[in-house]
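In what follows, a single structure is set out as structure tokens and then discussed.
What you see is a predicted model, and the numbers here were worked out from it, not measured in a lab. Both counts, for ligands and for their atoms, begin at 1 and track the order of listing. We use all heavy atoms of the structure for the numbers below, so side chains are in, but hydrogens, waters and symmetry mates are not.
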Amino acid sequence: MAREVVIIGSGPAGYTAAVYTGRALLEPLVFAGSLSGGQLMLTTDVENYPGFPEGIMGPELMENFRKQAERFGAEVAYEDVIEVDFSSHPYKVKSTAQEIEAKTVIISTGASAKMLGLESEGRLMGHGVSTCATCDGFFFRGQEIAIVGGGDSAMEEANFLTRFADKVTVIHRRDSLRASKIMQQKSFDNPKVEFLFDSAVTEIFEQDGKVSGIEVENLKSNEKSKVELSGLFIAIGHTPNTQLFEGKLELHDNGYIRCGDGSRTSIEGVFACGDVQDFTYRQAVTAAGSGCMAALDAERWLEKNTS
Ligand code: NAP
């Protein structure tokens, strides 16, 4: 029998949609993915999620989201969805372990970290290269490391990494940062954070299978120099996780899902929420808010279209 609601993705958007559809007695199935919890699993202190005056750790917040969804009857499957079929109703959602029919689908697959595109970066991932300061910062106690990027993520992670590393160099391709003023100031005030502006990482060197240094090019003078370090963190933004939906739903030119009229996608009964459809705000709280919208939209759609 077709499920009323299948939710793909388990960040703040997906779990909020699960809480709301669970409370509407729709018994949602959440495909949480093999790496559940979304981007907040890669974060440390979350200080801007309302309701936590002292802040909360990202993974703990996501654990709370999941528990709350399960309390209202959500079923969570830790499987990756590998195919969707929206060509006939009920829709089909195929995971690595099962194929489910769904009357409505809520997409909340989020976005993934962008990489620099160097061959060495992939090879040395987990051996000194990382996109997750929370996961890997601990391994760089007393060492010198660098982080690429000029946005809020780079500033947040640079500051976090100074808990472990002796020195963190922020490498940014322009001469001014994209990050909010308060985050910039925190980094400028941190004596362990240094900046290399107008610069790009052009190579990562290794010794004994681990990062030993990088080549940095000054993009104004084209001069190249070698920096010795043991870790390189990459924080240069994200790509929406929409590969599953290419050709099946209308997407923006940048790959994010196009929504109109709340969370409605170009297919009836298919809704999207969170970072997979939001390239403007991209906050946990806006993702959660849009998850609520998607749940209400799905509930109303079911009321109107099914008996
Ligand atoms: P972002 O704001 O898109 O910043 C990405 C940074 O990486 C930019 O400085 C960009 O340079 C640089 N970059 C992009 N591609 C690059 C490449 N190929 N090589 C080198 N540098 C590259 O991404 P984000 O920092 O991940 O933040 C995403 C969103 O989340 C933002 O809205 C941010 O405000 C929010 N956020 C908020 C918090 C917080 O408030 N606590 C924390 C984290 C994130 P350019 O500047 O030259 O484009």
Side-chain angles (χ1 to χ4, degrees), residues 11-13 37-59 61-62 110-122 125 129-135 137 146-162 168-188 190 193 195-204 214-220 224 227 232-241 252 254-256 274-290:
Q39 291 181 67
L40 283 186
M41 298 300 280
L42 313 178
T43 314
T44 47
D45 299 302
V46 179
E47 293 183 330
N48 53 9
Y49 199 88
F52 298 91
E54 306 304 325
I56 182 166
M57 298 303 276
L61 180 59
M62 290 324 300
S112 298
K114 278 189 195 164
M115 303 303 290
L116 298 174
L118 301 171
E119 185 274 327
S120 45
E121 162 190 58
M125 183 62 66
V129 175
S130 171
T131 56
C132 178
T134 321
C135 320
I147 183 159
V148 187
D152 279 326
S153 299
M155 295 310 107
E156 187 175 76
E157 293 185 13
N159 282 311
F160 171 70
L161 288 166
T162 60
V168 179
T169 305
V170 174
I171 301 172
H172 182 42
R173 63 185 178 183
R174 292 186 295 123
D175 62 1
S176 62
L177 298 168
R178 178 178 295 276
S180 55
K181 292 285 179 237
I182 188 165
M183 301 290 277
Q184 291 193 24
Q185 202 53 51
K186 268 191 182 175
S187 310
F188 290 143
N190 188 328
V193 177
F195 289 85
L196 272 180
F197 287 108
D198 296 312
S199 298
V201 175
T202 45
E203 191 49 278
I204 308 168
I214 53 173
E215 181 184 69
V216 178
E217 180 176 352
N218 182 300
L219 297 171
K220 287 207 163 139
K224 289 186 173 178
V227 180
L232 182 68
F233 286 79
I234 296 159
I236 59 171
H238 295 85
T239 310
N241 296 322
H252 288 280
N254 59 8
Y256 286 75
D275 286 13
V276 75
Q277 52 83 55
D278 173 18
F279 45 87
T280 308
Y281 301 105
R282 300 191 283 201
Q283 301 300 301
V285 67
T286 51
S290 73

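- More than 12 heavy atoms of other residues, nucleotides or ligands sit less than 6.0 Å from atom CZ of Phe188.
- In this structure, atom 23 (O) of ligand 1 lies nearest to the protein heavy atom Gly237 CA, 3.7 Å.
- When non-hydrogen atoms are compared, ligand 1 lies under 4.0 Å from neither the backbone nor the side chain of Lys114.
- Of all protein heavy atoms, the one closest to atom 29 (C) of ligand 1 is Arg282 NE, 3.8 Å.
- Ranking protein heavy atoms by distance to atom 9 (O) of ligand 1, first place goes to Gly150 N, 3.0 Å.
- Here the protein heavy atom with the shortest distance to atom 48 (O) of ligand 1 is Arg178 NH2, 2.6 Å.
- Taking every non-hydrogen atom of Arg174 and a distance limit under 4.0 Å, the qualifying atoms of ligand 1 come out as 45 (P), 46 (O), 47 (O).
- Close contacts between ligand 1 and Glu156 involve ligand atoms 41 (N), 42 (C) [criterion: under 4.0 Å to a heavy atom].
- Checking Thr286, Ile236, Val46 against atom 21 (N) of ligand 1, the nearest heavy atom belongs to Ile236.
- Checked by distance only, ligand 1 and Gly149 stay at 3.5 Å or farther apart across all their nitrogen or oxygen atoms.
- Nearest to atom 37 (C) of ligand 1 among the protein's heavy atoms is Asp152 CB, 3.6 Å.
- When all heavy atoms of Asp275 and Gln283 are compared, the closest pair comes out as OD1-N, 4.5 Å.
- Nearest heavy atoms, Gly137 versus Leu161: CA-CD2, 3.6 Å.
- Within the 3.5 Å criterion, the main-chain N or O of Gly55 finds no donor-acceptor partner in the side chain of Glu47.
- Atom 25 (O) of ligand 1 has as its closest protein heavy atom Ser153 N, 3.0 Å.
- Across Leu177 and Phe197, no two heavy atoms sit closer than the pair CD2-CE2, 3.8 Å.
- The two residues Ala287 and Ser290 come nearest to each other via the heavy atoms O-OG, 3.0 Å.
- Considering all non-hydrogen atoms of both residues, Ser187 and Val193 come closest at O-CB, 3.7 Å.
- For Glu121 (side chain) and Gly117 (main-chain N/O), a donor-acceptor pair under 3.5 Å exists by modelled atom type.
- The two atoms that bring Tyr256 and Arg282 nearest to each other are OH-NH1, 3.8 Å, heavy atoms only.
- Of the protein's non-hydrogen atoms, the one nearest atom 35 (C) of ligand 1 is Gln283 NE2, 3.2 Å.
- Taking a cut-off of under 4.0 Å to the non-hydrogen atoms of Asn48, the atoms of ligand 1 that pass are 39 (C), 40 (O), 41 (N).
- The His172 neighbourhood of ligand 1 comprises atoms 9 (O), 11 (O), 45 (P), 46 (O), 47 (O), with distances under 4.0 Å to a heavy atom of that residue.
- Distances below 4.0 Å separate heavy atoms of His238 from the following atoms of ligand 1: 26 (O).
- For ligand 1, one of its N or O atoms has an N or O atom of Arg173 under 3.5 Å away.
- Under the side-chain contact (heavy atoms from CB on, under 4.5 Å) test applied with Arg173, the options Leu219, Ile236, Asp198 reduce to a single match, Leu219.
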